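Reviewing the structure listed below.
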Amino acid sequence: VWRTISRLKPSVRWDGQYSSYEEALKAAGGSYADPKIIEKVADATRQVRDGRAVFERDSVLFDRPQYSWPMVSAVLHAALARSKWDQPLRVVDLGGALGTHYFQLRPFLSGVPLRWRVLEQQAFVELGNAEFADGSLEFIDAANLGAERPDLVICSSVLQYIDGVEKVLGQLIRLKPRAVFIDRTSVTRDGGDFWTVQSVPKSIYAAKYPCRIFSQPSLLRIMGNSYRLRADGECEREIFERFLLKYFWLVNNTSS
């Protein structure tokens, strides 16, 4: 039934199975760093910032919010668990585009001082700091991550698109964040990791780029022994043949 419905309207597709990022990149002929993707995301974020749209995800605008309630719970828990209430809630948002999650979650954090840092590609960093930084929201690259311990690291719909994700996560884990929330991440229904090519329809932005489908054990293994899994589950309204979109909420073993 799902295959039939998918053929009736444009939708995101995943094709092929590859052993490496390089193989998938060659087959795709493009990556998430494509300038047309960045500009589409920028246009959508401007509309949300300026109050002309309610919600944006992956450059797609919505007339009603579509919250990830597990993410909301993780952020509120991090806010409540701050050791010093006179200090801001420190969030590192890996692959957070131009502040997607910041703008979505601000209503739940009214009155909470924030230091929300989006860790992104250089093009997003430059555009973000020029147009969207506001004192609480800032944009950084890996070279400027620093040594500040985050209360929470958010990784939403990003890990599967990073070549060498183990290195990136390793850099974040060395900061000993109190909690890590992984959301909308592709996990195989069975078998091991593989790479595929994700195709986005023209109605969103015409693009193809590599996408990794993790096995759950390999994904959690990257986090090492310093974190325990507090909760996990499937993301709502997402049905795919070969994989699931899942969330994982992990807490540092040394955190209270």
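When reading the values below, keep in mind they use all heavy atoms of this one structure, side chains included, and skip hydrogens, waters and symmetry mates. Small disclaimer: the values here were computed from a predicted structure and weren't measured.
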Note to self: Tell me the closest heavy-atom pair linking H101 and G96, and the distance in Å.
What the structure shows: ND1-CA, 4.4 Å

Notebook entry, point to check: Between E166 and R212, is the closest basic N to carboxylate O distance under 4.0 Å?
Noted result: yes

Next item on the list: List the steps, then state whether side chain to side chain contact (heavy atoms under 4.5 Å, CB included) holds for F248 with L220.
Entry: CA-CA 9 Å; F248 303 88; L220 296 180; 4.0 Å; yes

Check: To the nearest 0.5 Å, how far apart are CG in L219 and CD1 in I213?
Finding: 11.5 Å

Next item on the list: Check whether any side-chain heavy atom of V200 sits under 4.5 Å from a side-chain heavy atom of K208, and report yes or no.
Entry: no

Check: Checking ring pair (Phe, Tyr, Trp, His ring centres under 6.0 Å) for the pair W249/F181: CA distance, chi angles, key distance, verdict?
Finding: CA-CA 5 Å; W249 182 20; F181 187 78; 7.3 Å; no

Note to self: Restricting to non-hydrogen atoms, name the atom on N253 and the atom on N225 that form the minimum distance, rounded to 0.1 Å.
What the structure shows: ND2-O, 2.8 Å

Note to self: If you define the side chain from C-beta out and look only at heavy atoms, does anything of F55 sit under 4.5 Å from R64?
What the structure shows: no

Check: Does the side chain to side chain contact (heavy atoms under 4.5 Å, CB included) test come out yes or no for L245 and F240, once each step is laid out?
Finding: CA-CA 8 Å; L245 286 184; F240 304 111; 3.8 Å; yes

Next item on the list: Answer yes if V125 and V91 sit in the same cluster of Ile, Leu, Val, Met, Phe, Trp and Tyr residues linked by side chain heavy atoms under 4.5 Å apart, and no otherwise.
Entry: yes

Item checked: Side-chain H-bond candidate by donor/acceptor type, D193 with S215, under 3.5 Å -> yes

Notebook entry, point to check: Is there side-chain contact between L94 and S156, with at least one heavy-atom pair below 4.5 Å?
Noted result: no

Notebook entry, point to check: Please walk me through it: do R90 and R82 pass side chain to side chain contact (heavy atoms under 4.5 Å, CB included)?
Noted result: CA-CA 9 Å; R90 296 166 298 189; R82 280 180 301 159; over 6 Å; no

Notebook entry, point to check: By side-chain hydrogen bond (donor to acceptor under 3.5 Å, both in side chains), which residues pair with Q47, not counting sequence neighbours?
Noted result: none

Checklist line | Interatomic spacing from CG in L250 to CE in M223 - rounded to 0.5 Å | finding: 5.0 Å

Margin query: Counting only heavy atoms not in R52 (residues, nucleotides, ligands), do more than 12 fall under 6.0 Å from its CZ?
Written below: yes

Next item on the list: Check whether any side-chain N or O of T196 sits under 3.5 Å from a backbone N or O of G16 as a donor-acceptor pair, and report yes or no.
Entry: yes

Margin query: Starting from V158, can I reach I222 by hopping between I/L/V/M/F/W/Y residues whose side chains sit under 4.5 Å apart?
Written below: yes

Next item on the list: Could you tell me the separation between the CD atom of Q66 and the CD atom of E56, rounded to the nearest 0.5 Å?
Entry: 11.5 Å

Check: Testing Y209, Y161, Y21 for ring-ring contact (aromatic ring centres under 6.0 Å, His included) with W195, which one passes?
Finding: Y21

Next item on the list: Determine, step by step, whether Y67 and F108 satisfy the ring pair (Phe, Tyr, Trp, His ring centres under 6.0 Å) criterion, reporting the C-alpha distance in whole Å, the side-chain angles of both residues, the deciding distance to 0.1 Å, and the verdict.
Entry: CA-CA 11 Å; Y67 297 114; F108 297 97; 5.0 Å; yes

Next item on the list: Heavy atoms only: give me the nearest L61-A53 pair and the separation to one decimal.
Entry: CD2-CB, 3.6 Å

Next item on the list: Could you tell me whether the side chain of R184 and the main chain of C235 form a donor-acceptor pair under 3.5 Å?
Entry: no

Check: Do N252 side-chain atoms and A179 backbone N/O form a donor-acceptor pair below 3.5 Å?
Finding: no

Checklist line | Beyond-backbone contact of V54 with P65, side-chain heavy atoms, under 4.5 angstrom | finding: yes

Notebook entry, point to check: Can you find a heavy atom in the side chain of H77 that is under 4.5 Å from one in the side chain of R230?
Noted result: yes

Next item on the list: Could you check L152 against R178 for side chain to side chain contact (heavy atoms under 4.5 Å, CB included), going step by step and ending with a plain yes or no?
Entry: CA-CA 6 Å; L152 178 66; R178 299 181 188 280; over 6 Å; no

Next item on the list: Taking the side chain as every heavy atom from C-beta outward, state whether W14 and S199 have any atom pair closer than 4.5 Å.
Entry: no

Check: If you look at every heavy atom in Q171 and A142, which pair is closest and at what distance?
Finding: NE2-O, 3.1 Å

Next item on the list: Report whether F139 and L175 are members of the same hydrophobic cluster (ILVMFWY, side-chain heavy atoms less than 4.5 Å apart, transitive linking).
Entry: no

Notebook entry, point to check: Any side-chain heavy-atom pair from S59 and V41 closer than 4.5 angstrom?
Noted result: yes

Notebook entry, point to check: If you group Ile, Leu, Val, Met, Phe, Trp and Tyr by side-chain heavy-atom gaps below 4.5 Å, do V112 and L76 land in one group?
Noted result: yes

Checklist line | Any donor-acceptor N or O pair under 3.5 Å, side chains D183, Y247 | finding: no

Next item on the list: Say whether, by atom type as modelled, one donor and one acceptor occur between the side chain of D141 and the main chain of N144 under 3.5 angstrom.
Entry: yes

Check: Same cluster or not: are V180 and L119 linked, directly or through other Ile, Leu, Val, Met, Phe, Trp or Tyr residues, by side-chain heavy atoms under 4.5 angstrom apart?
Finding: yes

Margin query: Check E39 with R46, please: is the shortest side-chain N to carboxylate O separation under 4.0 Å?
Written below: yes

Note to self: Could you measure the distance from the CG atom of L159 to the SG atom of C211? Nearest 0.5 Å is fine.
What the structure shows: 10.5 Å

Note to self: Hydrogens and angles aside, do Q104 and T100 bring a side-chain donor and acceptor to less than 3.5 Å of each other?
What the structure shows: no

Margin query: Donor-acceptor pair, distance only, cut-off 3.5 Å: does the side chain of R149 make one with the backbone of K176?
Written below: yes

Notebook entry, point to check: Do K246 and Q216 have a side chain donor and acceptor closer than 3.5 Å?
Noted result: yes

Check: If you look at every heavy atom in V153 and P177, which pair is closest and at what distance?
Finding: CG2-CB, 3.7 Å

Next item on the list: State, to 0.1 Å, how close A28 and V197 come at their nearest heavy-atom pair, and which atoms those are.
Entry: CB-CG1, 3.8 Å

Next item on the list: With the side chain counted from C-beta on, respond yes when F214 and V165 share a heavy-atom pair under 4.5 Å apart, and no when they do not.
Entry: yes

Next item on the list: To the nearest 0.5 Å, tell me how far L137 CG sits from R49 CZ.
Entry: 11.0 Å

Item checked: Main-chain N/O of F103 paired with R106 side-chain donor or acceptor, under 3.5 Å -> no

Next item on the list: Quick one: pull up CD in E138 and CZ in R117 and give me the separation to the nearest 0.5 Å.
Entry: 6.0 Å

Note to self: Looking at D50, I'd like to know if its CG atom is crowded, meaning that more than 12 non-hydrogen atoms belonging to other residues, nucleotides or ligands lie closer than 6.0 Å.
What the structure shows: yes

Checklist line | Backbone N/O of L98 and side chain of T45: donor-acceptor pair under 3.5 Å | finding: no

Next item on the list: Would you kindly say whether W116 and D93 are connected by a side-chain donor-acceptor distance under 3.5 Å?
Entry: yes

